[in-house]
Participant: 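Before anything else, here's the structure in question.
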Amino acid sequence: MRLSHFYLPTQKETPSDAQIASHRLMLKAGMVYQSSAGIYTWLPLGLRVLRKIENIINEEMDAAGCQEVLMPTIQSAELWQKSGRLDSYGKEMLKFKDRHDRELLYGPTNEELITEVFSQHIKSYRDIPKNLYQIQWKFRDEIRPRFGVMRGREFLMKDAYSFDIDYEGAKKSYWRMYQTYLKIFKRMGLTAIPVRADSGAIGGDMSHEFQILAPAGESSLYYEVAFESLDFDDPNVMDEVVRLYAAVDEKHDPQSCPVPPHQLKQSKGIEVGHIFYFGSKYSEPLGAKVMTPSGQLVNVEMGSYGIGVSRLVGAIIEANFDGEGIKWPDPVAPFQVGIVNAKTHDPKAVAFADAVYEKLKEAGVETLYDDTDERPGAKFANMDLIGLPWQVIVGAKAVEKGIIEIKRRSDGTRQELDLTSFINQLAA
RNA sequence: CGGGGCGUAGCGCAGCCCGGUAGCGCGCCUGCUUUGGGAGCAGGAUGUCGUAGGUUCAAAUCCUAUCGCCCCGACCA
């Protein structure tokens, strides 16, 4: 993509509304535009990151045997009456009426709807277990939205729902998701700590929140220091993770905590995922029953599994930035490479940079080519701000010797080499 | 929902107390110079001063109402 054709409204000055780093950087880097309190327009750069995150989630969910569906954002209030949540969910739920005076709502979550969808066709134990998920916009009318996309009113969420014949099956589904979540967050370059949690309005017995450690986080949690030295590539890591202690502060009782104080750490965390087991809480009132092998009709056993997709964009930035801007982990970066031609006045350098761009494109590398007439300093500052993992700088040596300068955004290291070597290095 | 703050050019702000018809920086446009870390000079464009009433000869400024946004708290993924 040529920058001259790309809509990237970066800003030099810090928007006054932004309090935390990720919010400030997302506005400065031209990723989002605030349309209302807690409601954002995603601009091209931000949307690319959102899509990267969605893709990782899709891949891992599919690999875990789940199937994607897409439910509507607007739901009938009638359904929520059956589950009893129409009133209990409270003012966070946005309700309105259509022209026929029928009450509708903008879905804050989808347990009711998915249960109905499921029970339309699934009647036998032979058809389960199943795990259906979607990535869809939700609306929760927060009292006070804040921190940009980290606590918006409208937000993109992956919500999955498992259906099993009995508790044993449901437990298996639960732990499969637990493991899948660790993989998903790891692929995004994050270390997520699964903490025991309250199940809140969703309800249920077994519940874990997945927290990213960050000072800007809104949750307070306690965890065993051993979490910090976990090797997530170790195949046995699951046993280890499950054994370790971690809890949100409401669930943490210093009296009964099994971990001695010197092995316990306290931190702020950003909740990026939450999984629940809730049995027949929704299947019973909504009549979702299946036949067992012995011919009995039983309420299906359910769990639900959320990931804050749009929140993750903010959370990843909170975990990866410096004074110059964002430092995207490779798997979620909007582009892998940014090309800066530092000699826009030199036709040979322009031709060289054009060629570099074409070759990277041919090699299938996602590239943003700053082909504008800005001065080098402005281009460098802009590249650092938007935080692409690699910067390719075309300067005097490119024209003379065919050597390009490569800057790694994450640690600032630079190397000089030819383009082919760089492409090979990317492929490795 | 309680407490506080702010709405003036695309962004950041001054002007308001003490009414006299709007300004600064960045950005944007033109020209010349410049060209490896957000350039310099010269010229230029851009405003229903959030909205609606009111007071006044005259309102960005004073009064009333209203809408929006932000911060702290409580609440929440």
Side-chain angles (χ1 to χ4, degrees), chain A residues 9-20 23-24 27-28 30 33-40 89-93 107-111 137-159 195 197-203 207-212 217-220 248 250 269-276 304-312 314-315 323-325 340-346 349-350 370 372-386 391-399 404-405 407 412 414 416:
Chain A
T10 56
Q11 286 175 261
K12 209 158 146 184
E13 296 193 49
T14 299
S16 61
D17 287 348
Q19 299 298 307
I20 62 167
H23 189 197
R24 195 178 68 236
L27 292 171
K28 282 187 74 171
Y33 169 79
Q34 180 173 330
S35 295
S36 296
I39 300 177
Y40 291 84
Y89 208 93
K91 287 187 173 171
E92 266 190 35
M93 189 153 66
T109 180
N110 285 49
E111 279 81 6
W137 292 91
K138 308 288 189 295
F139 193 93
R140 293 183 192 171
D141 200 359
E142 294 290 330
I143 296 169
R144 185 155 83 86
R146 63 187 117 174
F147 303 147
V149 299
M150 297 252 283
R151 185 164 208 77
R153 292 193 293 171
E154 189 184 51
F155 58 99
L156 189 60
M157 178 174 164
K158 188 282 298 180
D159 44 323
V195 304
D198 261 342
S199 48
I202 311 290
S207 174
H208 283 88
E209 285 178 6
F210 289 76
Q211 298 271 354
I212 304 302
E218 291 189 88
S219 316
S220 273
V248 289
E250 305 93 68
I270 301 168
E271 182 186 348
V272 291
H274 201 159
I275 60 177
F276 309 87
S304 73
Y305 314 90
I307 291 181
V309 180
S310 46
R311 173 179 284 183
L312 267 168
E324 310 308 314
V340 169
N341 176 14
K343 304 272 180 208
T344 52
H345 55 292
D346 179 350
V350 173
D370 188 343
T372 65
D373 289 329
E374 282 296 318
R375 295 159 54 85
K379 290 186 174 183
F380 293 142
N382 217 40
M383 275 298 169
D384 287 347
L385 173 63
I386 66 173
Q391 294 174 17
V392 169
I393 300 157
V394 174
K397 280 186 186 166
V399 177
I404 51 176
E405 181 181 338
K407 177 179 163 184
R414 291 165 192 269
E416 296 191 334

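Below, chain A is the first sequence line, B the second, and so on; all start at residue 1.
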Participant: With sequence neighbours excluded, what pairs up with Lys397(A) under the salt bridge (Lys or Arg N to Asp or Glu O under 4.0 Å) test?
Facilitator: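 With neighbours one apart ignored, the set is Glu416(A).
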Participant: Using the salt bridge (Lys or Arg N to Asp or Glu O under 4.0 Å) criterion, which residues pair with Glu142(A)? Sequence neighbours excluded.
Facilitator: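 Result, salt bridge (Lys or Arg N to Asp or Glu O under 4.0 Å) vs Glu142(A): Arg151(A).
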Participant: Which part of the nucleic acid does Glu92(A) contact within heavy-atom distance under 4.0 Å: base, sugar-phosphate only, or nothing?
Facilitator: sugar-phosphate
Participant: Got a list of protein N/O to nucleotides 4-8 of chain B N/O distances below 3.5 Å?
Facilitator:
none

Participant: OP1 or OP2 of G37(B) sitting under 4.0 Å from any side-chain N/O of Lys379(A)?
Facilitator: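 Answer is no, no contact under 4.0 Å.
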Participant: Give me the distances for all protein-to-nucleotides 24-33 of chain B N/O pairs that come in under 3.5 Å?
Facilitator:
unit_1 : atom_1 : unit_2   : atom_2 : d
G25(B) : N2     : Glu13(A) : OE1    : 3.4
G25(B) : N2     : Glu13(A) : OE2    : 2.5

Participant: For Thr372(A), what residues pass the side chain to side chain contact (heavy atoms under 4.5 Å, CB included) criterion, not counting sequence neighbours?
Facilitator: Leu3(A), Asp370(A), Glu374(A), Lys379(A)
Participant: Quick one: list whatever passes side chain to side chain contact (heavy atoms under 4.5 Å, CB included) with Pro108(A), sequence neighbours left out.
Facilitator: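 Pro108(A): side chain to side chain contact (heavy atoms under 4.5 Å, CB included) contacts with Trp80(A), Tyr89(A), Met93(A), Leu105(A), Arg140(A).
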Participant: My understanding is that only residues two or more places apart in sequence, or in another chain, count here; which of them pass salt bridge (Lys or Arg N to Asp or Glu O under 4.0 Å) with Asp159(A)?
Facilitator: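 Asp159(A) satisfies salt bridge (Lys or Arg N to Asp or Glu O under 4.0 Å) with Lys138(A) only.
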Participant: U35(B) C1' sits how many Å from His345(A) NE2, rounded?
Facilitator: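 About 6 Å, once rounded to whole Å.
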Participant: Need one value for Gly152(A): base, sugar-phosphate or nothing, where a base atom within 4.0 Å counts as base even if backbone is also close, heavy atoms only.
Facilitator: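 Base contact.
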Participant: What does Thr14(A) touch in the nucleic acid at a heavy-atom separation under 4.0 angstrom: a base, only the sugar-phosphate, or nothing?
Facilitator: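 Sugar-phosphate, backbone atoms only, no base.
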Participant: Using distance only, find each side-chain donor-acceptor pair of residues 13-20 of chain A under 3.5 Å and give its atom names and separation, not counting sequence neighbours.
Facilitator:
none

Participant: Could I get the full list of salt bridge (Lys or Arg N to Asp or Glu O under 4.0 Å) partners for Lys343(A), not counting sequence neighbours?
Facilitator: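 Per chain and number, Lys343(A) pairs via salt bridge (Lys or Arg N to Asp or Glu O under 4.0 Å) with no residue.
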Participant: Of all residues at least two apart in sequence or in a different chain, which pass the side chain to side chain contact (heavy atoms under 4.5 Å, CB included) check with Arg414(A)?
Facilitator: Ile393(A), Glu405(A), Lys407(A)
Participant: Tabulate protein N/O versus nucleotide N/O from nucleotides 70-73 of chain B, keeping only pairs under 3.5 Å, one per line.
Facilitator:
unit_1 : atom_1 : unit_2    : atom_2 : d
C70(B) : OP1    : Gln34(A)  : NE2    : 3.1
C71(B) : OP2    : Arg144(A) : NH1    : 3.4
C72(B) : OP2    : Arg144(A) : NH1    : 3.0
C72(B) : OP2    : Arg144(A) : NH2    : 2.6

Participant: Just jot down the side chain to side chain contact (heavy atoms under 4.5 Å, CB included) partners of Asn382(A), sequence neighbours excluded, or say none.
Facilitator: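 In terms of side chain to side chain contact (heavy atoms under 4.5 Å, CB included), with neighbours along the sequence ignored, Asn382(A) is linked to Leu8(A), Thr10(A), Leu385(A).
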